[in-house]
Every structure is written in C-alpha cells, then in structure tokens.
Undergrad: 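Can you keep this structure in mind? I'll have questions shortly.
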Amino acid sequence: MIQAGESLGNRYQVATAPDELRAGAVFDVVDRGATVRAQVLSTAPAPPAVLESVRAELASAPAMPNLVRPKDFATTPGGCAVSILDRPGLVPLRPRVAALAVEKGRRTMVLSLLRWIAGVATDLAQSHNAGVVHGAISARVLLCNPRAEHEPCLLSGFGIGAIQKRVDPAAPETSRRGDLLALIEALSDLLEVVGAQPEGGAAAKWTLLLHAVRHGEHPALGSGTALATTLNEIATLGGETDKGPPRRLATMAPPAPSGATPVPAVGRKSSTPPPPSGPGGRASRSEPAPVPKRPGVSLPLVLAGALGIAGGVGGFVWYAVSSAEDLGVGSLRRVRRAPRRPACTGETLQPEAHALDRRPEELSVTCAGGRLLAAVRLAGEVTLAGRPARRGERFAAARTPVARGVVELGTALPDGEGAWLAWRNGLDAPFGMARLGGAAVDTWPVNLPGWENVPLRGAWVLHATARSVYVATSVAAPDGSGRTVLLDVAPPGVRGRPPVVVWAVADVRMDAATTGPEPVLLLHQREETRHTLSAAVLNLAALAASRAPSEPVSLRGEPLPAAAVTRLAGVTVDAPAVVPVAEGAGRSFLFTSGPVQLTEACAVSWRCVGPGRVGVLTFPAEGAASVQDLRPRASAVSLLQGEAGALTAAVREVSAAGQPATGLELVAAGPAPTPAGRVGPSVGRARFTACGGESWALDERLEPTVALASRPVQCLR
C-alpha cells in the first residue's frame, strides 16, 4: 500500500494515500511545498531501467488539451511506479457522472459524454501519429477538473500499458486499434453509470456502433479521427428536437371563480362571447348571467336506448364473424384463441437468471457431463457459467476468465463428460482451445507459423478423437469471398504427430457447419446479388488414415484426399445479403436472405443482413438440396432438433417499425411451418442444445438487467 507521509524518491512526499492500490488510481503528493496530483502506474515493482525506457517512449507524446501527460516518474518504497501529472485538481470522472446527470439532466449528460470522448479520440489520433500508444484505456483513467466550466474529459494513464508489457512479457500487446476499442468500452461504461443511452436518431447508430465494434469491425476503428467523427454524428442526432411544440388536444377549462372572466379551453379559441362591459370597461356585476336549465332525462328511455344499441352491435358482430364479408373498412374473421401453455413441471417459467455486467458480444452453449455449460465473450474475455440439466436448478457463478484478448468465440463441442471450446485471438496465436471437464479447464494456444497476418474468420469445432481435434475456419477477403481450411489440432500430450495440420477444403468461404465424424460444411459463394449455398461432407476417419503432408502448416493447405470429402451441389438465392446461422442440425441450415443493413452496422457487408426471408436449407443423402420458407420479414437465430429428429427454428420477429423486436418465436419446420412457442419478451441472443434428455434454451435477458437464463424448450411451447 501507499501510505501518507511516504517519500517518493528525493523530491515528492505522499500527502493523501489512494483509496486502493490499482493502476490508474490518483492521489495527492507534495512537490516542494505545492500539492500536485500523482497516479499509480504499476502495482508490482518496476525496475529503474523500465521507467527510463517508458520515459523515453512518452517523450514524443504531443501536448493535447484532452490528454494528461506525465511530467515526471517516481517509485514508492515498495518499487511501484508512479507518475506525476502536469495538471492539478484532477479527479476521476466516473464517480462524478451520476451527480452531473442530476445537475444537467440525463439527456444532456449523454450528449456531453459523446462529445467529450470524441475530443479524447481526436487528441488520441495525434498521439498515435507520434508513435505513442496508450494500451490501458478504461473508464478508470478518464479524469475531469470539477472547477472547469464545461467539465472536460481528460485521458490519463499513459505509461500503464508500456510498463505492464515490459514487466510481464505475457501481457497483451498494445495497438492503436486496441486503444479505440477500449475507449468505446469506457464510453459504454460511463453511459451505464448515467443510466441512459443516446435517444432519437442516435439510438440506432450508437447500438450498431457498439455491437459492431465489439465484434471487431467498424469503419470508426480506422483512426481516432474517424471515431471522433462518428461520435460527434451520434451526438448531433441525439440533440435534434422535434419541429415545433407538440400538439395538444383541447381540454375543458377549469371553473372560474365568481365574477372572473371564463378561461377558454386550452388548444382552441373560445366560442363564448365575452361578458358585457360596464362603465370604464369593466365587466358588469349587477346582474349575473342566467344559468341555463338542463333538459330533463327519462331513465326508462336511457335504458331502452342502451339495450337497443347493445343489440345492434351484437348483431353486427355476429353477422361479420359468420359471413366474413367485406364491410367497407376490412373484414372481421373468426380468431382462434391461442392454446394455453402447458405447465412446466419442476421448472419455473421465469427462471432465476445469472446476472452480467453488460451485454455479451457472443454466446455459446453445450452439454458437458449432464450440465449446461455456457461460454460468454465479454469485453474480450471468455468466461464460463454452468448449471445441472435438471429442472429447478440455476446457473452457478461465472468462473475466472479462461481466455483474454479474444475477438471471436467459436463453437463448443460436447465430448462425453466434458466439452471442447475454440476461439480466435486478436494477438499472439491465431486460435485458442480449451478442454472443459468438471471443475478443470485446460487451455492451450493453436500456433500457426507464418499465419500471423492471415485474416481468419470463424472457429468451428467439428469432431474430437484421442489424437485430433478438428476445427474449421475461413481465410477471409475484404470483398466477402475467401477459402475454407480445416485444422487438425493435436490435443496436449499427444506425441508422434505435428501439432497442427492444415487441409484445404474449398476455394470459397464457409458460413456454418454441423458436427460429428462426418460433418457438413456450408459453403457460400457470392456474385453480386446471387448467393450459391453448397456443402462439403467430410469423412474424418478417412482423413485420419491418410498420410500427413510434408508441410503441415503451408499457407494454401494440403488438398484433402478424394476419399475424405464429398461435395454437394446447392441452391442459388437472389438477395442483397444471405447470412446462415453458424450451427446447423443434421444436414440442415437456417438462414436469412434480405436487405443489407446500414454500413455502420459492420464493415464487412456480407455479414450485415436485415429482416427478410427466413428458410431452412437441407442437403439430403440423395437428390438435390431444397429450401423451405419459414417466415417472411424475420431474421434467423438458431436451429434445433426436436422429437423424432424434427427441426424447430428460432427466429427474431419484426416490430411495426420494421426493425427486429426483442422477442423470439419458435417455428416447427415441416409440410406447413407452425408456431411452436415463444421466448421473450426482452430477449436478446438465444442458443439451444440437448442435455439431460431434453432440449434447452439459453437466452440473454435484457430487462430489468442483462442476465443469462435457461429453460427446457418444452416449457416454451
């Protein structure tokens, strides 16, 4: 700990100790009789050579209005690194945000935060151009000056990332892109403190930006200047107001006191003439206006009229329902009452949910040893949460992150009492894998020498044996094309074979897969608005019996032996965009074909699709592939197998405004698609798996807080 009265080198003395010893914490020190602010840069000892190296690196950092540069460095008696800040009176912004929202109003505070972070992004671009990367941006290192007129937001903490990397070589690499990602996450954190989001036209743009950025792709990540432009655009949209005051309906005037001039009804001109004026222009009070007499009403007549009206309405409705004839404004038809949902024995329809700090970027669920196991990617970290696949149970607390620096969460594959999980890293080894079994989690990197700069997308775990774990991925191209490769990965402890063997599957990209010893890979080739969906069926047993290539990890990959692959002709879909669901069932895949979303939704247009036609594509053992249409004006979510191998699709409904709603609908595929249940309301993502003799739904609850919930699919019917 840093104690008050301690000396920091020969010049500084601690005046007030920081509240906690963490990187980014600010506190007061005395410098030759004057009180200045200092900041903790490391909680572990930092050698003097490291400090000198960081000092030289930060010397080129430009002086910018929204960046707080260290003017000096010092060490505590325990060896922790401390920076002396060049501006007095700075305090953490995050604790003050809620109070500022009360003073200024939530809406005004949201717009201020957007513009403040835009200013930081602009100055950060200058720092990046000078070769200085921050590497440790979070809401904790955003400071403000309470005495400043406009409460500007200042970025501090320069040196934290550089020291961490020098002290711990295993620490994540710093990059300009990483700074921009972290800055947006910090803004999201501050908005959560305010308890509000951008409104109006800015809401959709901010939601799409945050969603796309967390998936690693957005034009705003090109530079700090581009990010600042996007945030200022969102602030401008959020500050727009409706033209003119809102219209109000006429309301009855309040009773006027005796002798006062009647007040006309609000929203309309009074039709009552003003009272006569007496001498001097004043109203005469000698003779009050006579009160009009109310006409007499006969109670028998009222009852007879009411009965007559009721009878007429009833006859009209009976005639309309019976004949369904056009009535001029439409047709009234018989509406069947929705069947009551059966009771779900042993499982509540509103299960206790596992709370999360914020919305996860990705979800994956599988069954491991009779337990539901959910993998969640949140802010680049993958954590696990599980529960027994028995009714009435609940999720246990999430475990310590099993991986960090993850940019894409792959699929999970059940394997007896355990499961396999894969993911794609942003730095270091292109892929990471884990063997999940009970309380143990074994992780290891999948190194591909020479593939450091190869753009990859997807990590599908297809099958696992004692000597191989098969993972499929695509080498992506900027125009949406690509090629598909298969990675034959050796589990830890396996000797006598290469750690990884790369096989070339097809010269088109892969969008989805099924699992098993003969997995089916869904291949996607696009030519303008024509999308050809075909398949490759792999025989992994034949592949394992073939001879290993002489170059196991060549960039092109070794061609698959003829006996190890069967290629199936597919179908052509004409649409601006086609996006299949990543995991299929059997030889079937769920997909959406529809309009391309707004460009800010994601930088890769072939991954942006709006609500459109939802269908199931099936590749039979013999004959041509077929497509069954399930829902128009919806978007595909997931596909699961029900009783007797029947397929059920989860689709996202469309609201009246044409945008996806928060509810999901289960649709049973077959000769005639029929509703099979609903998941919702206020549901984000959803995943399904079979476990404990039942099919389970894992869904992301959005209200009242973000959380994970799980229920048997039978409880949704």
Side-chain angles (χ1 to χ4, degrees), residues 23-24 39 58 61-62 64-69 90 92-94 96-97 109-144 151-162 164 172-194 197-198 202 205-235 238 357-359 361 378-381 404-405 407 426-427 600 603:
Q39 188 170 44
L58 297 181
M64 303 299 295
N66 296 297
L67 305 183
V68 182
R69 298 190 309 171
L90 298 179
L93 174 64
R94 194 176 189 277
R96 289 184 53 80
V97 165
M109 192 59 200
V110 168
L111 301 180
S112 297
L113 286 173
L114 289 167
R115 294 190 175 99
W116 292 351
I117 299 300
V120 171
T122 299
D123 290 356
L124 193 59
Q126 301 300 320
S127 176
H128 288 168
N129 292 337
V132 177
V133 176
H134 190 287
I137 295 178
S138 69
R140 292 179 177 273
V141 296
L142 293 174
L143 308 179
C144 68
E151 292 284 352
C153 178
L154 307 173
L155 177 63
S156 68
F158 283 88
I160 295 177
Q164 182 181 13
E173 292 286 345
T174 58
S175 65
R176 300 180 180 185
R177 181 185 180 88
D179 277 356
L180 301 181
L181 288 170
L183 186 60
I184 296 175
E185 290 292 347
L187 173 58
S188 176
D189 186 9
L190 295 175
L191 290 175
E192 289 182 3
V193 174
V194 174
Q197 297 289 323
K205 196 174 184 70
W206 165 249
T207 301
L208 293 175
L209 169 66
L210 187 60
H211 175 80
V213 164
R214 288 178 175 176
H215 284 75
E217 297 170 349
H218 196 281
L221 295 180
S223 66
T225 303
L227 176 58
T229 300
T230 300
L231 294 179
N232 281 323
E233 289 176 354
I234 296 175
D357 294 336
R358 60 171 69 93
R359 289 197 65 185
E361 290 88 358
L378 184 64
E381 295 184 345
R404 292 182 171 88
V407 297
L427 300 169
E600 57 261 31

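The figures that follow rest on heavy atoms only: side chains count, while hydrogens, waters and symmetry mates do not. Sequence positions, counted from 1, serve as the residue numbers for this chain.
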Undergrad: Evaluate the side-chain contact (heavy atoms from CB on, under 4.5 Å) criterion for residues I137 and V120: first the C-alpha distance (whole Å), next the side-chain angles of each, then the deciding distance (0.1 Å), finally the verdict.
TA: CA-CA 11 Å; I137 295 178; V120 171; over 6 Å; no

Undergrad: To the nearest 0.5 Å, what is the distance between CG on L187 and CG on L210?
TA: 8.5 Å

Undergrad: Of all the heavy-atom pairs spanning G161 and A136, show the shortest one and how long it is.
TA: N-CB, 3.9 Å

Undergrad: Can you see which heavy atom on Q39 is nearest to which on S156, and at what distance?
TA: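 It is NE2-OG, 2.9 Å.
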
Undergrad: If you measure from CG on N66 to CG on L155, what distance do you get to the nearest 0.5 Å?
TA: 9.0 Å

Undergrad: Nearest 0.5 angstrom please: L378 CG to E361 CD, how far?
TA: 5.5 Å

Undergrad: For L142 and C153, work out which heavy atoms get closest and say how close.
TA: CD2-SG, 3.8 Å

Undergrad: As a quick check of understanding, evaluate side-chain contact (heavy atoms from CB on, under 4.5 Å) for R69 and L58, giving each step before the final call.
TA: CA-CA 8 Å; R69 298 190 309 171; L58 297 181; over 6 Å; no

Undergrad: Short question: side chain of R176, backbone of H128 - any donor-acceptor pair under 3.5 Å?
TA: yes

Undergrad: Is it the case that the side chain of D179 and the backbone of G135 share a donor-acceptor pair, with hydrogens and angles ignored and the cut-off at 3.5 Å?
TA: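 Yes, because the side chain of D179 sits within donor-acceptor range (under 3.5 Å) of the backbone of G135.
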
Undergrad: Just how far is it from atom CG of L93 to atom CZ of R140, taken to the nearest 0.5 Å?
TA: 13.5 Å

Undergrad: Closest heavy-atom contact between P65 and L154?
TA: O-CD2, 3.3 Å

Undergrad: Whether the side chain of N232 engages the backbone of A228 through a donor-acceptor N/O pair (distance < 3.5 Å, no angle test) should be reported.
TA: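 Checking the backbone N and O of A228 against the side chain of N232, a donor-acceptor pair under 3.5 Å is found.
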
Undergrad: Report the distance from atom CG of L231 to atom NZ of K205, rounding to the nearest 0.5 Å.
TA: 10.5 Å

Undergrad: What closest approach, in Å, do I234 and W206 show between heavy atoms, and which atom pair accounts for it?
TA: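 Distance-wise, the nearest heavy atoms are CD1-CA, 3.9 Å.
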
Undergrad: Side chains of L181 and E185: closer than 4.5 Å at any heavy-atom pair?
TA: no

Undergrad: Any side-chain heavy atom of P219 within less than 4.5 Å of one from T230?
TA: no

Undergrad: If I compare all heavy atoms of I160 with all of A23, which pair ends up nearest, and what's the gap?
TA: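 Of all heavy-atom pairs spanning I160 and A23, the closest is CG2-CB, 3.9 Å.
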
Undergrad: Are the side chain of S127 and the backbone N or O of D123 linked by a donor-acceptor pair below 3.5 Å?
TA: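 A pair under 3.5 Å: no.
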
Undergrad: Got a second to check how far R96's CZ is from L190's CG, nearest 0.5 Å?
TA: 13.0 Å

